[in-house]
Structures are given as structure tokens and as C-alpha cells.
Amino acid sequence: MAFSIPALDTLIHELTGLPGIGEKTAQRLAFFILKSGKDYSERLRMALDAVQLQVHYCPQCFAFTDQELCRICSSVDRNKTQVCVVEEASDVIRIEAAGTFKGLYHVLQGTISPLDGVAPSDLRIHELVERIHDSQLDPVNPIREVILALDADLEGDTTSLYLARLLHPKNIKLTRIAHGVPFGSDIDYIDQRTLGRAMENRVEL
Ligand code: ZN
């Protein structure tokens with residue numbers, strides 16, 4: 001439903017572009033923004049500007065960072081021989097909160113999904129292969145294990161199988177988190193203990 005007030009309709013339209021926000025929620029948010037006054041809108045605008053200006057993908061793991069390399073990739077305390085492959089940057093935060101994994105990450109930025117038109121070339125898979133290849137030239141810290149921590153659904157399974165085939169000849173240990181992650185579940189919604197245990201009980205592929 002349009003309000004025939006172009007500025008308001010435009011704001012509602014932009015808000016419906018956010019994931020999980022339907023028309024009704026977008027209207028509620030737009031009214032909230034309007035009622036909150038100019039100061040709030042200014043802070044919101046500055047916050048939006050700041051993330052766009054300061055936050056970018058880490059060139060190594062493709063998580064978000066405001067540094068040249070992200071905090072995890074540049075840490076000297078992390079085990080550089082283990083790389084955990086996840087779907088989204090938010091998964092890194094979830095696994096970090098579980099606290100059991102001390103290696104590095106690689107964010108695919110999605111999963112293979114023919115139905116949604118997502119092909120392997122749309123993901124950071126090429127970068128993962130290059131990263132493994134480059135690391136094997138490093139005599140001290142070559143990547144020895146790749147842990148797949150993808151969602152336990154059709155797209156996660158498809159992507160894991162694709163990666164397993166692709167990485168098998170690379171002479172690295174390939175594991176996938178398994179126990180404790182129910183089928184069809186999104187790793188965003190699993191409690192920290194379950195996720196911690198799933199990471200410890202990973203299986204070799
Ligand atoms: Zn990084």
C-alpha cells in the first residue's frame with residue numbers, strides 16, 4: 001500500500017529490500033524513523049555511511065573487517081594450518097563464540113544452489129583453492145586441514161560434496177562438522193555448546 005507521499009514510499013520501498021522485512025514491517029520501521037526525529041535519522045545515516053566507508057572484505061578469508069587483514073587472519077595465536085570453511089561472515093562470529101576452534105576461516109559468501117542460480121563461480125571457491133595452493137609453498141604453516149562448517153541442508157550438502165571433490169587431490173585432511181547439527185538446520189540458530197561439540201566431532205570426508 002503506497003501512501004502517495006513519495007519520500008515515505010521511497011523509504012518503505014528501500015526497507016523492504018532488507019532480508020526478512022516485508023511491507024508491514026517496513027511501514028512500521030519507516031514510521032518509527034519518522035517519529036524518532038532528525039537526530040536519529042542523522043545517526044542512522046552516519047552509521048550507514050561509516051560501514052560503507054570503513055568495512056570491507058578481508059582479502060584472505062572474506063569475512064568483514066575494517067583493517068587491511070581481519071583480526072583473525074592477522075593474529076599470531078591462530079593455527080594457520082587449519083581453515084574452517086563457512087557460508088557467511090556471521091557464521092564466523094557464531095563459531096568464535098563457541099570458542100573451540102583456533103584456526104583460520106574462509107567465507108564462501110553463499111552456497112551452491114542451482115535453483116537460486118548460484119554456481120560455484122559465484123562463491124569464493126576459486127579463492128579457497130588458490131589460498132590452499134599458495135599456503136603449500138609456505139614451509140612453516142601450510143594448510144593441512146580444511147573443515148567444512150556449512151549448513152546441514154541440501155545446498156550445504158551440495159557445496160560440501162563439490163568442495164570434497166575439488167580438494168581431494170590437494171593432499172589435505174578434509175573434515176566436515178557433523179554430530180549435533182540436526183538436518184535442515186541453519187548454523188545461525190544452533191546453541192554454542194552444540195556448535196562447539198559439532199566442531200570437535202567433525203568427520204573426515
Ligand atoms: Zn581474514
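Values below: all heavy atoms of this structure, side chains included; hydrogens, waters and symmetry mates excluded. Order of listing sets the numbers, starting from 1, for every ligand and every atom in it. Just so you know, these numbers come straight off a predicted model, no measurement behind them.
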Asker: When you measure from the side chain of N141 to the backbone of T81, do you find a donor-acceptor pair of N or O atoms at a distance under 3.5 Å?
Answerer: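 No; judged by distance alone, with no hydrogens or angles, the pair does not exist.
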Asker: Would you call R45 and D49 a salt bridge, using N to O less than 4.0 angstrom?
Answerer: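 Yes, this pair counts.
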Asker: With the Zn ion (ligand 1) as the centre, enumerate protein N/O/S atoms below 2.8 Å in chain and residue order.
Answerer: C58 SG, C61 SG, C70 SG, C73 SG
Asker: Do L29 and L34 share a hydrophobic cluster (ILVMFWY, side-chain heavy atoms under 4.5 Å, transitive)?
Answerer: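 Different hydrophobic clusters.
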Asker: Using the six-membered ring of F62, assess whether NZ or CZ of R131 lies under 6.0 Å from its centre and within 45 degrees of the ring axis.
Answerer: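 Judged by the rule (NZ or CZ under 6.0 Å from the ring centre, within 45° of its axis), R131 is not positioned above F62.
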Asker: Can you check whether L104 reaches Q60 side chain to side chain, under 4.5 Å on heavy atoms?
Answerer: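 Yes, their side chains come closer than 4.5 Å.
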Asker: Taking side chain to side chain donor-acceptor pair (under 3.5 Å) as the cut-off, I'd like each qualifying pair that reaches into residues 66-78, sequence neighbours left out, listed once.
Answerer: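 Non-adjacent pairs meeting side chain to side chain donor-acceptor pair (under 3.5 Å): R78-E96.
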